[in-house]
*Asks:* 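Dumping the structure here so I can ask a few things about it.
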Amino acid sequence: MFKPPDYRDLLRGKKRGVAATLLRAALRIAEPFYTLAVWWRNRRYDRGRAEVHPAGVPVVCVGNLTVGGTGKTPMVEWLARWFRARNVRVAIVSRGYGAERGALNDEALELEQKLPDVPHVQNPDRVEAARVAVEELDCQLILLDDGFQHRRLARDLDLVLLDALDPFGLDHLLPRGLLREPLSGLRRAAVVALSRADQVDAERRDEVRTQVAKIAPNAVWVEVAHKPSELLDSDGRSVSLEVLRDRRAAAFCGIGNPDGFRGTLEALTAELVDFREFADHHPYSARDIVDLEAWAESLPDIDAVLCTHKDLVKIGLPKLGGHPLWALRIGIEATAGKAELEQLLEAIAAKVQT
């Protein structure tokens, strides 16, 4: 069984040798079958043969084309705060991937801490989750998290995030690449947002925008920077980023795009000594904690251990290996297209307020 970084290296051709070549060939053979299934499903919705259920309130969907992290959670948080600032009662609806029965998953726990006044309903049946949000929680607007491919629930706006570090999923669909559906799916998007846009140069941003414009010429283009704002401890207390200045730190994460998190860490004033990766939504068993403790203890010259907020809500420890354990809290800032995006959001907010 491949570990997540090994699997990504395999897909990107970094794994060499006969075995890796044969495995990539097998994945390539499987790709058309997945592609056909996705095409058939989308065709049924495009032609009105599959039922789409209205929620009864406006729905704003945040999604992506690829597996792995593209920054959906910070975008959902930003949108929730934007609508709450306009006194719109918001609920978040998601599938709840990785959650134990009757419990919230890591992303929901993270958002619950950040947005205590925004309820989060998790259910693989997102139509039923939307019904609960409207009828039982009296929400006026639904934020559908990671729902671009979930077409049973009608939406008023689709916002699709592309990760600037790998916007097109290695140009292959699953399992050979990281695309959930073909790039043509962008035609359904009202907004295409390039996340982590600050981690690539202007030339690369323009290349991605040009390619997107060929597919979805009417979509609003937005560029988003991911900015670290503070550190959080296990009790939710904030710590200034200044404590890391000229210090040494180790870090780990269990998220969909560890490269993006690592890039953010490397932009800090601290020196990154070591970095460990786990699978997305990793549950962190007791054995994992013991291993992390031993790893942190083996790095006696570090001043802190860093992870994502998504990791910290599952671990809940103040220290690892005698070193402070802090989550790096990351917010987003629109560096292009913000006015055009807000114009669309204002129109949706007006539906609620009339």
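The structure displayed is predicted, hence computed values, not measured ones.
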*Asks:* Around atom NZ of Lys314, are there more than 12 heavy atoms of other residues, nucleotides or ligands at under 6.0 Å?
*Replies:*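 Yes - once you tally the heavy atoms of other residues, nucleotides and ligands closer than 6.0 Å, there are more than 12.
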
*Asks:* Flag the pair Lys114 and Glu77 as a salt bridge only when some basic side-chain nitrogen lies within less than 4.0 angstrom of an acidic carboxylate oxygen.
*Replies:*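 Yes, Lys114 and Glu77 are salt-bridged.
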
*Asks:* Under the ring pair (Phe, Tyr, Trp, His ring centres under 6.0 Å) rule, collect the residues that match up with His282, sequence neighbours excluded.
*Replies:*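 For His282, the residues satisfying ring pair (Phe, Tyr, Trp, His ring centres under 6.0 Å) (neighbours in sequence not counted) are Phe278, Tyr284.
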
*Asks:* State whether the number of non-hydrogen atoms from other residues, nucleotides or ligands found under 6.0 Å of Arg12 atom CZ is greater than 12.
*Replies:*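 Atom CZ in Arg12 is packed in, count exceeds 12.
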
*Asks:* Roughly how far apart are Leu10 CG and Leu23 CG, rounded to 0.5 Å?
*Replies:*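 With rounding to 0.5 Å, CG (Leu10) is 5.0 Å from CG (Leu23).
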
*Asks:* Got a second to check how far Leu79's CG is from Leu115's CG, nearest 0.5 Å?
*Replies:*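 One gets 10.5 Å once the value is rounded to the nearest 0.5 Å.
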
*Asks:* Please table the atom pairs, donor to acceptor, closer than 3.5 Å between any side-chain atom in residues 214-225 and protein atoms at least two apart or in another chain.
*Replies:*
from, atom 1, to, atom 2, distance (Å)
Trp221, NE1, Glu223, OE2, 3.0
Glu223, OE1, Arg205, NE, 3.3

*Asks:* Looking just at side-chain N and O atoms, do Trp78 and Glu333 make a donor-acceptor pair shorter than 3.5 Å?
*Replies:*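 No donor-acceptor contact under 3.5 Å links the two side chains.
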
*Asks:* Does Phe33, at its CZ atom, have more than 12 non-hydrogen atoms belonging to other residues, nucleotides or ligands within less than 6.0 Å?
*Replies:*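 Check fails, neighbour count at 12 or below.
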
*Asks:* Mind checking the CG-CG spacing from Asp156 to Leu344? Nearest 0.5 Å is all I need.
*Replies:*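 Result: 11.5 Å between the selected atoms.
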
*Asks:* Please round to the nearest 0.5 Å and tell me the distance separating atom SG of Cys61 and atom CG of Asp145.
*Replies:*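 Cys61 SG to Asp145 CG: 8.5 Å, rounded to 0.5 Å.
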
*Asks:* State the CG-CD distance between Leu183 and Glu181, to the nearest 0.5 angstrom.
*Replies:*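 Here the rounded value is 9.0 Å.
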
*Asks:* In sequence, state the C-alpha distance, the side-chain angles, and the governing distance for His226 and Ser195, and then conclude on side chain to side chain contact (heavy atoms under 4.5 Å, CB included).
*Replies:* CA-CA 7 Å; His226 286 220; Ser195 63; 3.6 Å; yes

*Asks:* Determine whether Val38 and Leu178 fall in the same hydrophobic cluster, where Ile, Leu, Val, Met, Phe, Trp and Tyr are linked whenever their side-chain heavy atoms lie under 4.5 Å apart.
*Replies:*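 Yes; Leu178 is reachable from Val38 via cluster members.
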
*Asks:* Are Arg155 and Asp158 close enough for a salt bridge, meaning some N to O gap below 4.0 Å?
*Replies:*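 Yes.
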
*Asks:* If you round to the nearest 0.5 Å, how far is CG of Leu144 from CG of Leu157?
*Replies:*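 Reported to 0.5 Å precision, the distance equals 11.5 Å.
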
*Asks:* Charged N to carboxylate O under 4.0 angstrom, Arg180 versus Asp146?
*Replies:*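 Result for this pair is yes, salt bridge flagged.
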
*Asks:* Indicate the atoms forming the closest heavy-atom contact of Ala55 with Val134, along with that distance.
*Replies:*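 Smallest interatomic distance, heavy atoms only, reads O-CG2, 3.6 Å.
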
